[in-house]
Structures are given as C-alpha cells and as structure tokens.
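The shown structure was predicted, so the numbers you read here are calculated from the model rather than taken from an experiment.
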Amino acid sequence: MRHRLARVFVYPGGTIAPILELMDGCGIDVFCSRHEQGAGYAALAAARLGGEPQVVMVTSGPGVTNLATAVADAYFDSVPLVVLTGQVGTGDLRAPRVLRQRGFQEIDAVALMAPITKAQMTPMHPDEVAGAIETAFRVATDGRPGPVLVDLPMDVQRGTLTAPAAAPPHLFVSTGVDRALVNRAAEWLAGARRPVVIAGQGVIQSGAVNALRQVAGRLGAPVSHSLLAMGVMPTDSPLSLGFHGHTGNQVAGLAIHHADVLLVVGSRLDVRQTGTRPDAFAPRARVIRIDIDETELAHSRVPMSLVLRNDAATALYALNEALTHHAVGVDHEAWLQQIERWRAEHSLEPGPGNRLKPQAVISALDRLTAHESVICVSGVGSHQQWTARHFTFDYPRRIWLTSGGHGAMGFDLPTAIGAQLARPAARVVCCVGDGSLQMNIQELASLTAYNLPVKIVVIDNHRLGIVSQFQRLNWGRDPTCGDKWNPDFAAIARAYGLYAATVTEEETLEQALESALATPGPALVHCIVDPDEDVSPMLLTGQTIDAMWTRA
Ligand SMILES: Cc1ncc(C[n+]2csc(CCOP(=O)(O)OP(=O)(O)O)c2C)c(N)n1
Ligand SMILES: [Mg+2]
C-alpha cells in the first residue's frame with residue numbers, strides 16, 4: 001500500500017544534510033523542531049492521528065540519542081514511524097573493529113535502537129536504499145504498528161544509483177477469524193450476568209470503535225478502557241466506566257473485580273492496568289482476549305480462557321455478527337444498577353482547601369470546549385491523571401494523546417505541535433505539568449515559528465507531583481520533587497511570542513481560559529494550583545483493583 005507523504009519531521013545535522021538538500025522543492029513539507037525529541041513527538045502525533053507511518057530524520061550521534069526517547073514512546077505505544085538517521089560514511093564505521101568510535105559523531109544507531117524499533121536496516125549501497133525504505137514503511141504498519149530504523153551512511157546518501165530497486169517481499173500474512181471460537185465467545189458474553197469489556201488502543205488503531213460500541217450496546221455491557229484508549233466509549237455514556245488501573249476509576253476497578261465474563265480487546269493488561277496483583281485481577285471472570293500481537297498473548301499477565309489472535313476490527317465485526325445469533329439471555333439491569341450505586345459512592349471530589357484545584361482547571365477547560373472537536377494532549381504526572389479523569393472524550397470528536405508505556409515527560413508540547421500540523425482546523429489543547437513542560441519547552445519556538453494555535457494550560461503545583469506523592473506515601477517526605485522553584489511561565493511564553501496569562505484563583509480561571517481560546521495564535525495559561533493536591537484514588541503496590549487507596 002502506498003501513501004502520499006505530506007510532511008517529514010526533522011532536526012538537522014551534517015550527516016542528514018544530503019537528504020535535507022534533496023527535500024527542498026520536492027513537494028513534501030519539512031517541519032523542523034528545536035530538539036530531536038520535538039521532531040520525533042510531532043511525527044508520532046501525526047502518525048497516531050492519521051494511522052499512516054510518518055518520517056522523522058535526524059543526524060548521527062547526539063541526534064540519534066536525543067531522538068531515542070520519542071522512538072521508545074512510539075514503540076511501546078504502537079505508533080508507526082520510519083526513522084531515518086544519518087550515519088558516518090561506510091569507510092568510517094567502527095564495526096567490525098573493537099573500538100568505541102571511529103567516525104566523528106558515530107554511534108551504533110542499530111544497536112541503540114534495536115530494543116525500541118521493530119526492525120533496523122543499514123543500506124550499504126545506494127541501490128539498497130529504496131528497498132530498505134519501502135520495507136520500513138511496510139513493517140511499521142504490519143501487524144502491531146511501531147517504529148522502524150533506516151540508518152543511512154553519508155556516502156550512501158550521496159552516492160549514485162546503479163540499478164533499479166527490487167520490490168521487497170510481502171511480510172505479513174493476516175490470520176482469518178476462527179468462527180468456532182468467535183461463536184463460543186458470543187455464547188459466553190450473551191449468557192453473562194456481569195459482563196465487562198476492556199478496550200485498549202488497538203480498538204482505535206484498527207478502526208473498530210463503532211464495532212466495539214455496537215458489541216457493548218448489544219450486550220448492555222459496561223466498558224472500561226486503558227489510559228491510551230480514552231474516548232473509545234464517550235465519557236458521558238452510561239456504559240462507560242472510564243479507565244481502570246493505577247490512577248483509574250474505582251468504579252471500573254469494582255466492575256472488573258466482580259465481572260463474570262471479561263472481554264479484553266486490543267489492550268496489553270500491563271501492570272498499570274492490573275496493579276501488582278494480576279493473580280487477583282478479575283478473579284471471578286472467564287477472560288476472552290483479542291489481540292494482534294502474539295507476543296502479548298504468549299506473555300499475558302492475566303490467565304485467559306479464550307484467545308482470538310486477530311486485529312480488533314476483524315474480531316469485533318465477527319463477534320457482532322455472531323451475537324445476532326445469540327439472544328442476550330440475561331437482563332443486566334441489576335448489574336448496571338449496582339454500577340450506578342458504585343458511581344455515586346466514588347465521586348472524584350478534590351481534597352479540602354481553598355486554593356485553585358487542578359481538577360477545577362481541567363473541568364473549566366472541558367466546559368469551555370464542550371461544543372468543539374478537540375485533540376487533548378497531556379504530559380506525564382498527576383496532571384495527566386486529572387486530565388484523563390475530568391476532561392470528556394469521545395473518539396473521534398474528542399481525542400486524547402498521551403505517553404502510555406514509556407510514560408515520558410516532555411511528550412506534551414511537541415505532540416500538540418504535531419497534532420496541530422496534522423489537523424490544522426482542530427482545537428488542540430495541551431494540559432501539562434510544570435515539570436513536563438520544561439522537558440521540551442524549547443518547542444515554544446516551533447509553535448510561534450509555524451504559527452500553530454495550540455492552547456497550553458500549565459498545571460503548576462511547584463511539584464513533580466506524582467513522584468512526590470509516591471515519596472510521601474512511602475517515606476513521609478519528598479526530596480528533589482517537592483517545593484520546586486519555577487519560572488514565570490507566562491513571561492517565558494510571551495518572550496517566545498505567545499499570548500499568555502497567569503491564574504491563581506478560581507474566580508479568574510474561566511475568563512483567562514476563554515481569552516486564550518479566543519486568541520487566534522498560540523497561547524499559554526499558567527495556572528498556579530494547590531501544591532498539596534494528590535491523585536486519589538490510586539492503586540498502590542499490593543492492592544487489588546477493587547480496593548484502591550483513597551486520600552484520608
Ligand atoms: C523523562 C522522564 N523523567 C522522569 C520521569 C519520572 N516522573 C514521572 S511523573 C514526574 C513528575 C512530573 O511533574 P509535572 O510535570 O510537574 O507533573 P505533576 O505530577 O506535578 O502534575 C516525574 C519526575 C518521567 N516520567 N519521564
Ligand atoms: Mg507539577
């Protein structure tokens with residue numbers, strides 16, 4: 001499958017300069033960040049939103065090491081990227097000598113990226129380049145998506161073709177649906193008294209959101225989801241339990257704990273989802289699992305009763321079909337009423353105190369954008385959890401982009417930039433902590449240079465909050481994480497050419513957010529919030545998902 005590449009994401013350097021020279025005038029936009037992570041995350045955002053692989057190009061040595069964080073993020077969260085790294089000339093390569101380095105800014109990109117890419121290639125002759133890149137595009141999206149590395153020595157970039165490129169072999173053989181297993185799954189689900197569906201990002205990636213909603217609707221089964229799959233059910237749907245796990249909703253935890261049949265689709269069930277007691281996860285349930293990645297299935301942390309190794313769309317369409325032949329035998333009214341009772345008992349009220357609360361900031365932003373299609377991006381920390389809990393999502397109208405498996409601070413701003421580049425007409429908001437923003441704050445320059453109307457809301461608790469909370473819970477104090485000195489983020493934003501405002505109390509919050517939203521260009525609202533607000537409830541080590549820790 002071929003697709004037309006609209007844009008490449010780059011940070012320059014000598015060993016990638018030959019390709020950059022050719023990019024000029026070839027009809028493909030070039031986005032140039034201020035740090036390699038900026039290019040990597042912007043590419044990741046465009047790939048997550050469009051489903052097609054995006055190309056990121058950086059120079060050798062420090063360019064490769066700087067980019068590694070974003071590539072790891074893409075690998076763990078299944079985002080297709082084609083990563084082109086410059087490399088010293090083939091004659092300067094260290095290998096096979098036993099040496100630390102031979103060429104200037106030489107680093108073994110293949111070895112460095114091996115654990116965080118699906119495949120790595122180093123074409124040693126210009127004739128091998130086209131095949132390598134074509135293979136990279138294919139591998140990036142085959143099966144479970146992810147990044148692929150093509151390391152390009154200088155002389156290979158500058159050389160001349162001697163032969164036309166041969167077509168590479170087709171790699172992925174898709175597996176059909178096992179009708180008998182699908183029927184059995186339908187039978188179990190139709191007969192369940194307390195069914196629960198867990199949906200992961202795989203559902204969104206395979207274009208199966210509607211199929212998932214149909215299955216849930218047909219069964220009358222409540223749906224919980226992973227942190228990455230926010231919006232797979234509309235937040236305000238009565239069937240939505242919200243996300244579960246470490247910082248998830250207690251209602252979701254209770255429902256999963258009491259479920260008798262659990263349908264898990266395109267979700268890894270990682271430790272952040274199950275907590276440290278996978279043995280006690282959904283202890284009463286027969287677990288039906290659908291996943292495209294056989295390695296995830298082979299190493300499932302939760303015992304499974306029935307497995308479909310398919311992409312989510314294929315399996316869910318088949319399941320929907322099968323469910324038409326299995327009348328749902330059990331009325332779930334009692335189960336849904338029980339869930340409503342849990343919902344009433346476990347509301348997400350902020351802690352005591354009169355200071356501006358982070359939850360109030362997110363709720364206000366949500367209210368003010370309720371009428372709009374939104375791409376909401378977060379950093380990593382407590383603010384990420386409050387955004388997940390208090391913003392409303394509904395894929396594809398209100399989309400969430402966050403760093404899941406890698407959990408990388410600094411994901412925020414460059415991802416918002418990539419999202420706005422990919423969707424120029426969309427409302428893009430970036431809810432970011434004081435710590436996370438500072439990891440890639442240099443990208444404010446890209447924001448202004450490309451005049452992208454991203455709205456940044458800084459949740460400044462003068463604290464590396466979620467780690468500080470972990471420290472305080474364990475050791476009663478929070479060295480290096482609490483009471484952080486922070487700059488005046490609004491002043492910094494103005495210096496970078498953004499509209500900016502500072503808010504310290506709820507009375508002026510809406511007005512400041514409204515002004516920022518109404519500004520045609522980029523804007524930042526610096527919200528100074530209660531430093532002592534913690535994330536509650538939270539699933540702590542040793543706890544089971546039905547009994548999460550709650551603030552006193
Ligand atoms: C690159 C990176 N370094 C360190 C961490 C560990 N870490 C996770 S969250 C966090 C604090 C984030 O602080 P902030 O952005 O202010 O968010 P808050 O929790 O205060 O809302 C830290 C240090 C990380 N996830 N990523
Ligand atoms: Mg903070």
Side-chain angles (χ1 to χ4, degrees), residues 177 179 181-226 228-244 248-249 251-267 282 285-291 306 308 310-344 370 373 392-400:
V177 185
R179 298 273 160 202
L181 285 184
V182 171
N183 269 327
R184 188 171 315 158
E187 201 179 294
W188 289 1
L189 284 163
R193 305 184 77 80
R194 297 179 308 280
V196 171
V197 179
I198 288 182
Q201 189 189 217
V203 174
I204 295 176
Q205 284 183 316
S206 69
V209 170
N210 285 339
L212 187 277
R213 290 178 184 181
Q214 249 176 36
V215 167
R218 203 184 282 277
L219 291 167
V223 179
S224 182
H225 51 77
S226 64
L228 286 175
M230 206 68 66
V232 72
M233 283 298 275
T235 306
D236 53 13
S237 157
L239 288 182
S240 174
L241 297 166
F243 70 116
H244 58 273
N249 291 354
V251 184
L254 282 159
I256 291 166
H257 191 76
H258 291 277
D260 62 350
V261 178
L262 188 65
L263 171 66
V264 184
V265 193
S267 187
R286 284 195 282 190
V287 176
I288 302 167
R289 193 148 172 207
I290 299 170
D291 209 290
L306 193 157
L308 295 169
N310 290 114
D311 86 294
T314 310
L316 285 173
Y317 284 121
L319 190 56
N320 246 322
E321 231 287 293
L323 280 170
T324 58
H325 309 297
H326 291 271
V328 176
V330 185
D331 182 2
H332 296 142
E333 209 38 50
W335 176 225
L336 295 178
Q337 278 171 8
Q338 172 63 67
I339 285 167
E340 286 315 312
R341 280 197 295 279
W342 283 331
R343 229 190 271 280
S373 297
T392 47
F393 295 94
D394 181 2
Y395 188 89
R397 201 176 85 81
R398 291 169 74 84
I399 295 175
W400 163 248

| note | Between Ser224 and Gly242 the two heavy atoms that sit nearest each other are OG-O, 2.8 Å
| task | Taking all heavy atoms of Ser267 and all of Ala199, pick out the closest pair and write down the distance. | result | CB-C, 4.3 Å
| message | Using side-chain heavy atoms (C-beta onward) and a distance below 4.5 Å, is Leu189 in contact with Leu319? | response | yes
| query | CG of Leu262 to CZ of Arg286: how many Å apart, nearest 0.5 Å? | reply | 12.5 Å
| Sidechain-backbone polar pair: Ser373 side chain, Arg398 backbone, donor-acceptor under 3.5 Å | no
| field | Spacing of Gln201 atom CD and Trp400 atom CH2 [to the nearest 0.5 Å] | value | 12.5 Å
| query | Checking Asn320 side chain against Ala211 main chain: does a donor-acceptor pair fall under 3.5 Å? | reply | yes
| query | Do you know which two heavy atoms are closest between Ala186 and Leu323, and how far apart they sit? | reply | O-CD2, 3.7 Å
| message | Under a 3.5 Å distance rule, please check whether Asp260 uses its side chain to pair with a backbone N or O of Arg194 as donor and acceptor. | response | yes
| message | Can you confirm whether Val196 sits close enough to Trp335 that some side-chain heavy atom of one is under 4.5 Å from a side-chain heavy atom of the other? | response | yes
| query | Considering only heavy atoms from C-beta outward, does the side chain of Asn183 approach that of His326 to under 4.5 Å? | reply | yes
| message | Minimum heavy-atom separation for His244 and Ala252, please, with both atom names. | response | CB-CB, 3.8 Å
| Are the ring centres of His257 and Trp342 closer than 6.0 Å? | no
| message | What I'd like to find out is whether the side chain of Thr235 reaches to under 4.5 Å of the side chain of Phe393, using heavy atoms alone. | response | yes
| remark: Value for CE (Met233) from CG (Asp394), rounded to nearest 0.5 Å, stands at 9.5 Å
| request: Indicate yes or no: at least one non-hydrogen side-chain atom of Thr324 is less than 4.5 angstrom from one of Arg218. | output: yes
| request: Mind checking the CG-OG spacing from Asn249 to Ser240? Nearest 0.5 Å is all I need. | output: 8.0 Å
| query | Just how far is it from atom CG of Leu254 to atom CD of Gln338, taken to the nearest 0.5 Å? | reply | 8.0 Å
| note | The side chain to side chain contact (heavy atoms under 4.5 Å, CB included) partner of Leu263 among Val215, Ile198, Leu306 is Val215
| query | Which heavy atom of Val265 sits nearest a heavy atom of Val203, and at what distance? | reply | O-CG2, 3.6 Å
| About how many Å separate CZ of Arg289 and CG of Leu308, when rounded to the nearest 0.5 Å? | 12.0 Å
| query | Going by the angle between their ring planes, with limits at 30° and 60°, are His225 and Phe243 parallel, tilted or perpendicular? | reply | parallel
| Close side-chain approach of Arg213 and Pro234, heavy atoms under 4.5 Å | yes
| message | I need the full list of salt bridge (charged side-chain N to carboxylate O under 4.0 Å, His left out) pairs touching residues 181-193, with sequence neighbours left out, sorted by first then second residue. | response | none
| query | Is the shortest heavy-atom distance from the side chain of Leu239 to the side chain of Leu336 under 4.5 Å? | reply | yes
| query | Minimum heavy-atom separation for Val223 to Ala216, with atom names? | reply | CG2-CB, 3.5 Å
